[in-house]
**Student:** 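For reference, the structure I am asking about is given below.
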Amino acid sequence: MMDSDLLQTGPGWLRIHTPAKLNLFLAVTGRRPDGYHDLLSLMCPVSLFDTLSLSFGGSRVSLSCAHPLIPEDETNLAWRAAALFFDRTGIGDGVSIDLEKRIPVGAGLGGGSSDAAAVLSGLNQYYGAPLPRNILMEMALSLGADVPFFLFGGPALATGVGEKLSPWSGLPSLSALLIAFDFSVSTAEVYKNLNLGLTKCEKINKDYPLENRKFDVMRHLCNDLETVTASKYPDISAAKKALMDHGAEGALMSGSGPTV
């Protein structure tokens, strides 16, 4: 659930800082009959945040955001999370959400998913926890595969489509430099163009299983989606090379990209 230092509250309002995530390892292990993919991923929250300010009153959900690429209607995950919460609890209130965007959009950092998880968790805390954790996690998954991770809190190994989470304590203290780009990537398109016969991360995990080891930058940094996105956007490979040339221990694209 949400860290207390990320949540501020007062009469009629909440302010929540919502972290981005990195995929330090992402193996695509198979395609499911429903079209989704099974994966094994080491996911870690980082100190890059959006900020959500929630004001209560009225009987409807509204959302505002100054970022030109962020929808301010029911297509926004944070908006949908609030509507879902009120629908499931039967609480007849409304909420106005102001979203200050710092996490790049469509960047492989999970910004929209983090915002949605923060709304679910924040509303549940504000109203005295009417929903148990397992129900919140089910609701989170219905919004998106990454949303449960942000409810979970802390580094985790994710399996299934990303909804099966177990805490992971083998991550040392590391500093990360993120290189973002002025274009976004469609996760659905990346998975659509993935050739499972060319994936390699599952073999790395067999040789150096994350489940039994501390994280090793030289061995474990791997992302099966990187070849798909990098083949379309050469800047990703150039950014990785620049990082390594300047002394990075390792360099990797996060999620479906394009952030390196």
Side-chain angles (χ1 to χ4, degrees), residues 1-3 5-23 43 45-89 91 93-127 136 139-153 162 178-190 254-259:
M1 301 295 282
M2 191 162 301
D3 238 326
D5 60 349
L6 302 183
L7 174 68
Q8 299 169 298
T9 184
W13 63 272
L14 289 176
R15 185 171 294 111
I16 311 168
H17 301 294
T18 68
K21 60 85 180 170
L22 299 181
N23 299 88
M43 303 173 72
V46 293
S47 53
L48 169 65
F49 302 99
D50 288 343
T51 299
L52 292 168
S53 298
L54 280 61
S55 302
F56 296 88
S59 58
R60 57 187 292 270
V61 174
S62 64
L63 185 143
S64 61
C65 182
H67 195 293
L69 297 180
I70 299 299
E72 298 179 311
D73 56 20
E74 64 273 7
T75 61
N76 186 292
L77 276 180
W79 193 103
R80 289 171 55 197
L84 180 61
F85 176 85
F86 288 125
D87 180 65
R88 289 293 296 268
T89 60
I91 295 171
D93 291 354
V95 64
S96 297
I97 303 170
D98 180 71
L99 172 56
E100 184 178 352
K101 202 70 184 144
R102 296 187 191 89
I103 302 171
V105 179
L109 300 174
S113 296
S114 185
D115 296 339
V119 169
L120 284 179
S121 182
L123 289 176
N124 202 50
Q125 291 188 47
Y126 184 82
Y127 285 103
L136 281 177
M139 293 164 63
L141 181 58
S142 75
L143 293 166
D146 281 346
V147 182
F149 165 74
F150 290 102
L151 276 181
F152 187 81
L178 306 186
I179 299 180
F181 299 94
D182 60 357
F183 57 88
S184 60
V185 171
S186 165
T187 299
E189 283 299 309
V190 172
S254 181
S256 56
T259 301

**Student:** Of the non-hydrogen atoms in Ile103 and Pro19, which two are nearest, and what is the gap between them?
**Tutor:** CD1-C, 3.8 Å
**Student:** Hey, could you give me the NE2/OG distance between His17 and Ser114, rounded to the nearest 0.5 Å?
**Tutor:**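 Rounded to the nearest 0.5 Å, the NE2-OG separation comes to 12.0 Å.
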**Student:** So does Arg102 have more than 12 non-hydrogen atoms from other groups sitting under 6.0 Å from CZ?
**Tutor:**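 Atom CZ in Arg102 is packed in, count exceeds 12.
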**Student:** Rounded at 0.5 Å granularity, tell me how far CE in Met139 sits from CG in Asp87.
**Tutor:** 8.5 Å
**Student:** Check the pair Lys101, Cys65 against side chain to side chain contact (heavy atoms under 4.5 Å, CB included), reporting the backbone distance first and the verdict last.
**Tutor:** CA-CA 7 Å; Lys101 202 70 184 144; Cys65 182; 4.2 Å; yes
**Student:** Measuring only between side-chain heavy atoms, which start at C-beta, is Asn124 closer than 4.5 Å to Thr89?
**Tutor:**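 Asn124 does not reach Thr89 side chain to side chain.
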**Student:** Step by step, would you call Ser55 with Ser96 a side-chain hydrogen bond (donor to acceptor under 3.5 Å, both in side chains)?
**Tutor:** CA-CA 5 Å; Ser55 302; Ser96 297; 6.0 Å; no
**Student:** When rounded to the nearest 0.5 angstrom, what is the spacing between CG in Asp146 and CG in Asn23?
**Tutor:**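 Between atom CG of Asp146 and atom CG of Asn23 there are 7.0 Å.
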**Student:** Under the side chain to side chain contact (heavy atoms under 4.5 Å, CB included) criterion, do Thr18 and Phe49 qualify, and how do the steps go?
**Tutor:** CA-CA 5 Å; Thr18 68; Phe49 302 99; 5.5 Å; no
**Student:** Locate the shortest heavy-atom distance separating Phe85 from Ile91; write the atom from each residue and the value.
**Tutor:**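 Closest pair (atom of Phe85, atom of Ile91, distance): CE2-CD1, 4.0 Å.
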**Student:** With rounding to the nearest 0.5 Å, note down the distance linking CG in Leu48 to OG1 in Thr259.
**Tutor:**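 Interatomic distance, Leu48 CG to Thr259 OG1, rounded to 0.5 Å: 9.0 Å.
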**Student:** Could you check Leu109 against Val46 for side chain to side chain contact (heavy atoms under 4.5 Å, CB included), going step by step and ending with a plain yes or no?
**Tutor:** CA-CA 9 Å; Leu109 300 174; Val46 293; 6.0 Å; no
**Student:** Nearest heavy-atom pair of Leu77 and Leu143: which atoms, and what distance?
**Tutor:**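 Distance-wise, the nearest heavy atoms are CD2-O, 3.4 Å.
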**Student:** Could you give the distance from CZ (Arg80) to CG (Leu120), rounded to the nearest 0.5 Å?
**Tutor:** 11.0 Å
**Student:** One pair to check against side chain to side chain contact (heavy atoms under 4.5 Å, CB included): Leu178 and Leu22. What are the steps and the verdict?
**Tutor:** CA-CA 10 Å; Leu178 306 186; Leu22 299 181; 3.7 Å; yes
**Student:** When you measure from the side chain of Lys21 to the backbone N and O of Gly111, does any donor-acceptor pair fall under 3.5 Å?
**Tutor:**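 A pair under 3.5 Å: no.
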**Student:** Can you tell me how far CG of Asp50 sits from NE2 of His67, rounded to the nearest 0.5 angstrom?
**Tutor:**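 So the NE2 of His67 and the CG of Asp50 are separated by 9.5 Å.
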**Student:** Taking all atoms of both residues into account, what is the closest heavy-atom pair of Asp98 and Ser64, and its distance?
**Tutor:**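 So the two residues come closest at OD1-OG, 3.0 Å.
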**Student:** Identify the heavy atoms of Ser256 and Val190 that sit nearest to each other, and give their distance.
**Tutor:** O-CG2, 3.9 Å
**Student:** Do Ser113 and Phe149 make a side-chain contact, defined as non-hydrogen atoms from C-beta onward lying under 4.5 Å apart?
**Tutor:** no
**Student:** If every non-hydrogen atom of Ala117 is compared with every non-hydrogen atom of Phe150, which pair is closest and at what distance?
**Tutor:**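 Minimum heavy-atom separation between Ala117 and Phe150: CB-CB, 3.5 Å.
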**Student:** Check the angle between the aromatic planes of Phe86 and Tyr127 and answer parallel, tilted or perpendicular using the 30° and 60° thresholds.
**Tutor:** perpendicular
**Student:** Is a side-chain donor-acceptor pair under 3.5 Å present for Arg15 with Thr51?
**Tutor:** no
**Student:** Between Trp79 and Val61 (side chain of the first, backbone of the second, donor and acceptor by atom type, cut-off under 3.5 Å), is there such a pair?
**Tutor:**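 Checked: pair present.
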